[in-house]
Each structure stands twice: as structure tokens, then as C-alpha cells.
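Beneath this line is the structure, given in C-alpha cells, with notes to follow.
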Amino acid sequence: MMEIILQIIKETNMRKQRQYRRQFAIWMGLYAVMFFPMIMLMAVTEVFTPWASSLRCLFVLLPLVPMFLALRAFIRSLDSLDELQRRIHLEAFAFSLSCICMLTFSYGMLEAFVDQQHVSLIFVLPMAIIFWFVGVLLARRRYQ
Amino acid sequence: MKNRLKVLRAERDWSQADLAGYLEVSRQTINAIERGKYDPSLPLAFKIAKLFELSIEEIFFPDEA
């Protein structure tokens, strides 16, 4: 009886995880599909009128819709994690946030007072993801 | 905090994966608890105690004990 219950629990958890992973992959795929044509479109078009400028803003921000849905799927997947895994992710987020704060604040100060080259904010998210990944690896090592 | 989880599990001939399945947690969590790297929450401690039909004090005890 216990083996049957165990099997049902395992299958339910695996199904939930697969569902979240599939949703995340679909939305990130759609984001990539929308992002690169948008970049190319922006490179070949020029703005002459105010309405064209508004349309350009809309095209630039459009890939953020699937990205938002992918992030929502990621946040929902945290519900299916157990308490230790949640703690690992919490520590990883704290690590990522601390690194990003230190890095952006330091560079902001340099930019403001030492005349450093301006860096686009677009690099903040990839950096946050990289630091989060490193944070997960470090936290996992702590609990091994 | 120390615990007798590994001994209790071995007595029942369960693997870490089996115990993780019964408690609906990951195998990594069971491993971390057994090695004393992670102290479970009170709800999880109660769940463990219920599964082994023991009290929490019979499974978990302070480091100095």
C-alpha cells in the first residue's frame, strides 16, 4: 500500500515539474522568436514621426510579454519545491541581489564621478541570472 | 541538532529516495537532515515522527545530548 502511495506522489510531483518546465521553455522560446526579429526590425527602420516612435516602443517592449509569462511559470514552480530547496533558492537570490547591488552601485559611482563608459541596463538581468546560478551551486554545496 | 533518521531508515530497509517519497521532499533534503547539515521545520519533524510512530524527541536531540 505504501509503495503505491509513494509511486502516486512521485508521479504527481514529476508531472508538475514537467508541466512547469514545458511552460517555461515555451515562453522563453517565444521570447527568443520575438526578440531577434525585433532587433533586426529596429536596426533597419528609422523614426520620422511621433506615432512611428510609439509603434517602435511597442515593438521593443512586446518580447517582454512572453518573458513575463516565463518568469511567472518559474515563480509557480517554486511552489512544488520542498523546504530545503526553497531555502537554497532564497540564499541564491540573496547572493544574486547582493552581487548585483554591489556591482551596479560601484559602477554607477564610477560612472558619475570618474567618467566611466556608460553600460546599458540590459546587462543587469543576464548578470542576475548568472549570479543566481552561482548562488544555487554554492548553497547546494553547503547542504551536501 | 542530531538525529536518528539514518538508523530508523535502515531498520525499515528504506532508501533515502523511499523516505523522501513518503515525506514528499527531495532525496537531497533527507541526505542533508541525516548528515546534520539541515534542521527540518517543525511540520516536517512532526511528519517524520508520525511516519516512524515515535515522538520528535525520540528522533531529534540537541548537539550536547
Side-chain angles (χ1 to χ4, degrees), chain A residues 1-25 70-98 129-144, chain B:
Chain A
M1 187 64 183
M2 280 291 255
E3 278 73 25
I4 296 166
I5 294 167
L6 171 67
Q7 195 59 34
I8 292 167
I9 292 166
K10 264 185 187 171
E11 280 173 12
T12 310
N13 286 343
M14 279 171 71
R15 198 167 50 240
K16 271 187 192 169
Q17 281 291 328
R18 269 201 305 268
Q19 193 183 342
Y20 289 131
R21 259 186 241 139
R22 195 173 56 235
Q23 280 178 358
F24 184 79
L71 290 175
R72 194 182 65 162
F74 172 71
I75 289 166
R76 283 184 175 176
S77 76
L78 294 177
D79 281 341
S80 63
L81 300 178
D82 70 33
E83 56 184 58
L84 176 61
Q85 289 171 322
R86 280 185 197 173
R87 189 174 175 144
I88 286 169
H89 281 284
L90 179 69
E91 287 179 18
F93 283 128
F95 176 79
S96 175
L97 186 65
S98 306
I129 292 169
I130 291 166
F131 284 130
W132 166 76
F133 184 71
V134 173
V136 167
L137 293 178
L138 291 173
R140 272 192 184 161
R141 241 179 90 176
R142 267 188 64 191
Y143 293 110
Q144 264 177 2
Chain B
M1 197 162 66
K2 289 179 180 175
N3 64 75
R4 296 201 300 132
L5 206 60
K6 195 173 182 176
V7 176
L8 293 167
R9 181 173 61 76
E11 280 171 4
R12 283 153 184 82
D13 203 21
W14 290 345
S15 66
Q16 284 188 342
D18 291 335
L19 184 57
Y22 292 134
L23 297 168
E24 294 178 67
V25 295
S26 64
R27 199 195 56 78
Q28 188 192 8
T29 302
I30 299 300
N31 186 47
I33 295 170
E34 281 186 0
R35 291 167 69 91
K37 299 268 182 180
Y38 174 69
D39 294 333
S41 67
L42 203 51
L44 181 56
F46 271 115
K47 214 170 172 180
I48 293 167
K50 193 180 173 189
L51 182 70
F52 288 111
E53 295 174 328
L54 295 166
S55 66
I56 290 178
E57 294 86 346
E58 287 173 296
I59 302 172
F60 298 96
F61 37 89
D63 284 327
E64 66 269 19

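Sequence lines set the chain letters: A, B, ... in the order given, protein chains first and strands last, and positions in each chain run from 1.
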Where does P40(B) contact chain A at under 4.5 Å (heavy atoms): side chain, backbone, both or neither? both
Decide yes or no for T29(B) and L23(B): does some side-chain heavy atom of the first lie under 4.5 Å from some side-chain heavy atom of the second? no
Taking the side chain as C-beta and beyond, is there a heavy-atom pair between S77(A) and F24(A) under 4.5 Å? no
Closest heavy-atom pair, R4(B) versus L54(B), reported as atoms and distance to 0.1 Å, is NH2-CD1, 3.9 Å
L81(A) and H89(A): which non-hydrogen atoms are nearest, and at how many Å? CD1-CD2, 3.5 Å
Proximal component of I88(A), with respect to chain B [non-hydrogen, under 4.5 Å]: side chain
Honestly, the part of R87(A) sitting under 4.5 Å from a heavy atom of chain B is side chain
